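Model, not experiment: these values are computed from the prediction. Start at 1 and go down the list; that is how both ligands and their atoms are numbered.
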Amino acid sequence: MKLSHRLETLTPGGSDGWEVFYRARQMKTAGEDVIELTIGEHDIRTDPIILDAMNDAALGGHTGYAAVPGIADLRQKVADRVTKNTGVPTGPENVVITPGGQAALFATHMGILDSGDKALFIDPFYATYPGTIRGVGGIPVPVPAHAENGFQPAAADIAAQAKDAKFLLINTPNNPTGVVYTKETLQGIADVCCEHDLWLISDEVYDTQIWEGEHLSPRALPNMAERTLVVGSMSKSHAMTGSRVGWIVGPVEMIDAIINLSTHTTYGVPGYIQDAALFALNQGDALEEKVAAPFRRRLALAKDIIAQQNVVQLVPAHGAMYLMLDIRATGMSGLDFANTLLDTHKIAVMPGESFGAAAAGHIRVAMTVADEEFNKALTTLIEFA
Ligand code: PLP
């Protein structure tokens with residue numbers, strides 16, 4: 001039996017850059033003591049107070065089909081949060097609840113692209129981006145953001161690829177670079193989107209993890225609310241990766257169309273998960289800061305260790321749970337570095353090349369193990385370099 005072209009070409013390179021991660025997992029399964037600094041998953045679990053709320057909701061009977069667009073109170077809460085954080089008046093009709101940010105990305109792509117349409121995304125990129133575009137029949141076109149420019153994308157580079165494209169997908173705070181886009185960068189992006197009539201998909205799943213500067217949502221820029229779809233998630237902000245709950249914020253017409261898509265795909269998100277997400281958001285900033293605190297602490301540790309030498313350079317880390325390290329001075333590629341580090345010291349990091357050509361000669365270090373272990377692993381990594 002034959003697979004569809006869409007699925008056959010979803011990840012044309014096979015594992016799409018996750019070889020080191022899979023190898024580390026195999027070594028671990030075989031009983032080896034590997035320190036994993038690979039995927040974006042907290043070392044803490046979901047806060048028990050959120051789990052209690054989930055349990056109460058489930059035992060209270062919220063286990064049937066939930067409203068497909070999302071329960072009214074959660075849509076309202078997300079809308080209020082967006083209004084408060086961005087100043088853009090946003091109502092529940094602008095919000096659809098999805099099973100996590102990844103499902104939100106897929107739905108936005110389905111909402112915009114027809115088969116064969118061109119879609120732009122910034123390189124370095126979150127690993128699923130090109131596959132998600134291919135998954136809806138689109139043609140992914142990377143636009144490099146250069147290391148020399150602090151990985152801030154340049155409007156001219158985007159404009160050069162914009163002809164016939166349908167959307168531009170950006171991510172700030174950024175995975176893998178830890179860079180937060182400046183107001184100038186975002187204004188440049190907004191100008192290109194308006195001039196070339198592009199939708200902007202703004203992946204803001206790390207919006208609560210800001211270490212320096214501030215997070216700006218491009219939806220708040222003039223004339224952008226009508227062409228921007230913001231992707232949000234409870235995964236990173238509340239350590240709820242396994243609960244699968246996120247959202248899309250955008251113009252009503254598109255949100256209604258995506259709700260119709262949800263009816264034909266996910267049929268919504270379990271009611272008790274949504275109740276737990278509502279409870280978590282109602283705890284306000286304090287809980288978000290508690291979840292972000294370990295990464296803020298480890299970044300400070302990392303800065304101290306890295307400051308003691310000048311072979312490895314830290315890309316200024318403004319947000320998100322990752323360090324992007326420039327290891328070009330070692331003469332190794334990111335892939336060679338990651339493979340050799342795993343073989344010799346049993347420390348797993350992601351090669352920059354896994355996130356696109358623009359991140360070659362870099363490695364991404366997830367700050368996702370306890371402080372002491374993180375300190376030890378990073379010290380060893382630097383000595384290895
Ligand atoms: N977007 C970015 C940039 C990510 O790093 C991730 C997960 O790592 C996601 C989206 C998807 O997250 P989730 O589907 O858990 O909300």
Check your understanding: Can you tell me the protein heavy atom closest to atom 11 (C) of ligand 1 and the distance?
Key -> Gln102 N, 3.9 Å
Check your understanding: Thr241 to ligand 1: N or O pair under 3.5 Å?
Key -> no
Check your understanding: Counting N and O atoms only, with roles assigned by atom type, does the side chain of Thr185 sit under 3.5 Å from a partner on the main chain of Tyr181, one being a donor and the other an acceptor?
Key -> no
Review point. Using heavy atoms and a threshold below 4.0 Å, how should the contact between Lys236 and ligand 1 be classified: side chain, backbone, both, or neither?
Key: side chain
Check your understanding: Is any side-chain heavy atom of Val34 less than 4.5 Å from a side-chain heavy atom of Ile347?
Key -> no
Review point. Angle class for the Phe295/His42 ring planes (parallel below 30°, perpendicular above 60°, tilted otherwise)?
Key: tilted
Practice item. State whether the side chain of Asn94 and the backbone N or O of Gly250 hold a donor-acceptor pair below 3.5 Å, judged by distance alone. Key: yes
Practice item. Look only at interatomic distance and state if Asn171 has a nitrogen or oxygen under 3.5 Å from any nitrogen or oxygen of ligand 1. Key: no
Point to revise | Backbone of Asn171 reached by a side-chain donor or acceptor of Asn174 within 3.5 Å | key: yes
Review point. Is there a heavy atom in Arg244 that sits closer than 4.0 Å to ligand 1?
Key: yes
Check your understanding: To which of Tyr206, Trp247, Tyr126, Phe125 does the heavy atom nearest atom 9 (C) of ligand 1 belong?
Key -> Tyr126
Review point. Between Ala103 and ligand 1, is there a nitrogen or oxygen pair with a distance under 3.5 Å?
Key: no
Practice item. Could you check which of Asp203, Ile170, Asn175 puts a non-hydrogen atom nearest to atom 10 (C) of ligand 1? Key: Asp203
Review point. Which atoms of ligand 1 have any heavy atom of Ser235 under 4.0 Å away?
Key: 13 (P), 15 (O), 16 (O)
Review point. Which ligand 1 atoms, with their elements, are less than 4.0 angstrom from a heavy-atom of Ser233?
Key: 13 (P), 16 (O)
Review point. If you group Ile, Leu, Val, Met, Phe, Trp and Tyr by side-chain heavy-atom gaps below 4.5 Å, do Tyr272 and Ile50 land in one group?
Key: yes
Exercise for review: Give a yes or no on whether the backbone of Asp326 and the side-chain of Gln313 come within a donor-acceptor separation of less than 3.5 Å.
Suggested key: no
Check your understanding: Which ligand 1 atoms, with their elements, are less than 4.0 angstrom from a heavy-atom of Gly100?
Key -> 14 (O), 16 (O)
Study note, to complete from the structure: In Thr108, Asp203, Val249, the residue satisfying side chain to side chain contact (heavy atoms under 4.5 Å, CB included) with Leu229 is Thr108
